[in-house]
Structures are given as C-alpha cells and as structure tokens.
Protein chains: 2
Amino acid sequence: MKIDKSLLTGSTTMLILKLLEQSDMYGYQMIEELEKRSQNVFTLKAGTLYPILHTLEQEGRIESYTKEIPSKRPRKYYMITKNGRKLLDEKKAEWQFYATAVNQVLGGEGYVGV
Amino acid sequence: MKIDKSLLTGSTTMLILKLLEQSDMYGYQMIEELEKRSQNVFTLKAGTLYPILHTLEQEGRIESYTKEIPSKRPRKYYMITKNGRKLLDEKKAEWQFYATAVNQVLGGEGYVGV
DNA sequence: GACATTATATAGATTATCGATATATAATAT
DNA sequence: ATATTATATATCGATAATCTATATAATGTC
C-alpha cells in the first residue's frame, strides 16, 4: 500500500525521539530501525531526518558524539536529553489526543490503544 | 490542550468526506460539526475548508446545490458522490494503516480501534 | 448605527517533507 | 582498474497543506 506521506507531518520528531529514548543511535540506523519497527510503513528520508536532528540538537533535546569504528566511516551517535524526554512526553500526549479525536469523528470508540 | 495542528495534515479531506457521508452539509456547518464531534480538538478554519471543498468538487468527489432559507443567507450544501465515497474508504484505510504503524513504534499493540 | 454572528471566498505566509544532489568510505563484482 | 552497492552525513530547492488575514454579504441584536 502507498501511504499518503502527509499523514506523517508533525509526528516525525516524536518517532525519532522515541527511538532515541530506548538507545543511542546514529542517523542511518534510525532510518533502518524506523522502517523495521513500522513494518515498512515509514521510510524516513535522509533529507528529512538530518535537518530534524540538527534542530533538535540546537534546542537541547538531543546531544551527539562521534564513535570511531575500525575500517568504517565514523558514526555520529545521538542521545536524548532530559529536555528531549519532556518533549517526547508532550508529543505522545498530543498524538493520542489527536488520534482519539480522529477516531471519534470516524465513528470509532476513540481508544487509540497506546 | 493545544494540539499541534500539523498532525492534522493529510487527514482533513478524510474528515470532511466523513461528515458528508452521513448527511449533506454546508461549509459553516461542517466547521461546527467537526468541532463538536472531536470535542473541540479540531477547529477547522474557513481558509482551510473552502479551498478543499472546491478541489473536491472539481474532482467529482462532492457536488453542491444552493438552498434558500427564509430570512437567512442562502446556504451552499455539499453532498458526497460515489467517487467521493471511494476516496473516503481509501483515506480511512490509509489512516488506520498509519496510526497502527505509529502505535507500533511507540510500543503499543498496534490496534487503532476503528 | 454599530456590532456580532452567520456564511462563503481568496491571497499570502508559514511549515514539513521530499527528491535530488553532494560528499566520503568500504566491500564486492566485473 | 573500474563499476556498483551499501553505509553515512549533509544541504538545497520544490511541493503541499494549513493558517492568518482579509474581503464580501446578509441578518439579528444592542
């Protein structure tokens, strides 16, 4: 199925923070991990991800460090900060609020299941 | 709660079609009805709604007719077409697909409840 | 008469994401 | 040797969706 990418709008930051909440990751890894966890629904593009990472770092939501891998290109790992966790909680609440409202309009029970 | 409006992106058309699936409505009525059904989560702006209605009409998803109301401004009612119902079904499937994937990443059971 | 409410409509600004492109390294295939 | 594929980070311009602001118009209320 070809999903309308515009539905992703606004939730990408939340999904990235969620990944980093569980473990430090480098950019490329996030793209693969997100694809895997969503069962190929989200194919986050590099051109979408990196600008978001840079913005989050500037805002103090995440921090980065470089890790040297023998005979590999160095990887830039990102870790979530306390501030980032706070943002994640807010985004999650927003998402649940929003999804519940959509389901209500669609005639569902309004339970989002998270 | 102040919900991030960007989360609405891509689903507005679906919500409008859903309203029209149940009964013919005029623009202003849709704004009020959507607000009511979503319990004030969605406050659809006129500047968002009318361009969408015009596009949907051009695409043959909806049709309009004018209704004269005594001592009222005439209202332009919209009704959904067969084509519009088809689009609604597609959008609903997309939404469920997307919401399930988000919940999966967030660690939920992946059930969206619709 | 002034103002609020109802109702439709459009233009311009903002924001998010994507596609394309660029750089760099390493492994594998031709 | 050269090409291709995979990994990895990065930026730019285009596109799309929504909002803000504004305009118009009819009606009801203070």
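Just so it is clear: chains get the letters A, B, ... in the order the sequence lines come, proteins before strands, and each one is counted from 1.
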For this session: Output yes when at least one side-chain N/O atom of B:Ser6 is less than 4.0 Å from OP1 or OP2 of C:dT15, else no.
Result: no
Exercise. Is the A:Tyr65 ring parallel, tilted or perpendicular to the A:Tyr77 ring (thresholds 30°, 60°)?
Worked result: parallel
Exercise. A:Ile31 has an atom CD1; how far is it from atom P of C:dG19, in whole Å?
Worked result: 13 Å
Exercise. A:Tyr78 has a side chain; which of C:dT10, D:dA10, C:dA7 sits nearest to it?
Worked result: D:dA10
Exercise. Do the charged groups of B:Arg37 and B:Glu33 touch, with an N to O distance under 4.0 Å?
Worked result: yes
For this session: On DNA chain C, check which nucleotide each of A:Pro74 and B:Pro74 is closest to and give me the residue with the more 5' one.
Result: B:Pro74
For this session: Starting from P on D:dT9, measure out to CD1 on A:Ile62 and report it in whole angstrom.
Result: 12 Å
For this session: Could you tell me whether A:Gly47 contacts a base, only the sugar-phosphate backbone, or nothing, with contacts defined as non-hydrogen atoms closer than 4.0 Å?
Result: base
Exercise. Among C:dG19, C:dT10, D:dA10, which nucleotide sits nearest the side chain of A:His54?
Worked result: D:dA10
Seminar exercise, completed: Winner on side-chain proximity to A:Thr12, out of C:dT17, C:dT10, D:dT11, is C:dT17
For this session: Grab the CG-C1' distance between A:Leu49 and C:dG19 for me, whole Å please.
Result: 15 Å
Problem set entry | Ring centers of B:Phe42, A:Tyr98 separated by less than 6.0 Å | yes
Problem set entry | Nearest-neighbour nucleotide for the A:Arg73 side chain, C:dT17, D:dT20, C:dT23 considered | C:dT23
Exercise. Does B:Lys76 place a side-chain N or O at less than 4.0 Å from the phosphate oxygens OP1/OP2 of C:dA9?
Worked result: yes
Problem set entry | Protein-nucleotide distance (B:Leu44, atom CG; C:dT6, atom C1'), rounded to Å | 16 Å
Problem set entry | From D:dT7, C:dT6, C:dC18, nucleotide with atom closest to A:Leu8 side chain | C:dC18
Problem set entry | Of the listed nucleotides D:dT11, C:dA16, D:dA8, the one nearest the side chain of A:Thr9 | C:dA16
Exercise. Any idea which of C:dT8, C:dC18, C:dT17 is nearest the B:Tyr26 side chain?
Worked result: C:dT8
Seminar exercise, completed: Separation of D:dT9 atom C1' from A:Met25 atom CE, nearest Å, is 17 Å
Exercise. Roughly how many Å is it from NZ in B:Lys45 to C1' in C:dT14, rounded to a whole number?
Worked result: 15 Å
Problem set entry | Of the listed nucleotides C:dT23, D:dA6, D:dA10, the one nearest the side chain of A:Tyr28 | D:dA6
Exercise. If you check every side-chain atom of B:Tyr50, which of C:dA16, C:dT10, D:dT18 has the closest atom?
Worked result: C:dT10
For this session: List the steps, then state whether side-chain contact (heavy atoms from CB on, under 4.5 Å) holds for A:Lys76 with A:Leu53.
Result: CA-CA 11 Å; A:Lys76 199 168 172 186; A:Leu53 288 177; over 6 Å; no
Seminar exercise, completed: Rounded to whole Å, the CD-P distance (B:Gln58 to C:dT10) equals 10 Å
Exercise. When the distance from CD of A:Gln29 to P of D:dA8 is rounded to whole Å, what number comes out?
Worked result: 8 Å
Exercise. Does any non-hydrogen side-chain atom of A:Asn103 lie less than 4.5 Å from one of B:Trp95?
Worked result: yes
Exercise. At what distance, to the nearest 0.5 angstrom, does CE of A:Met79 lie from CE of A:Met25?
Worked result: 14.0 Å
For this session: For A:Ile52, report the nucleic acid contact type (base, sugar-phosphate, nothing); a contact means any heavy atom under 4.0 Å.
Result: sugar-phosphate
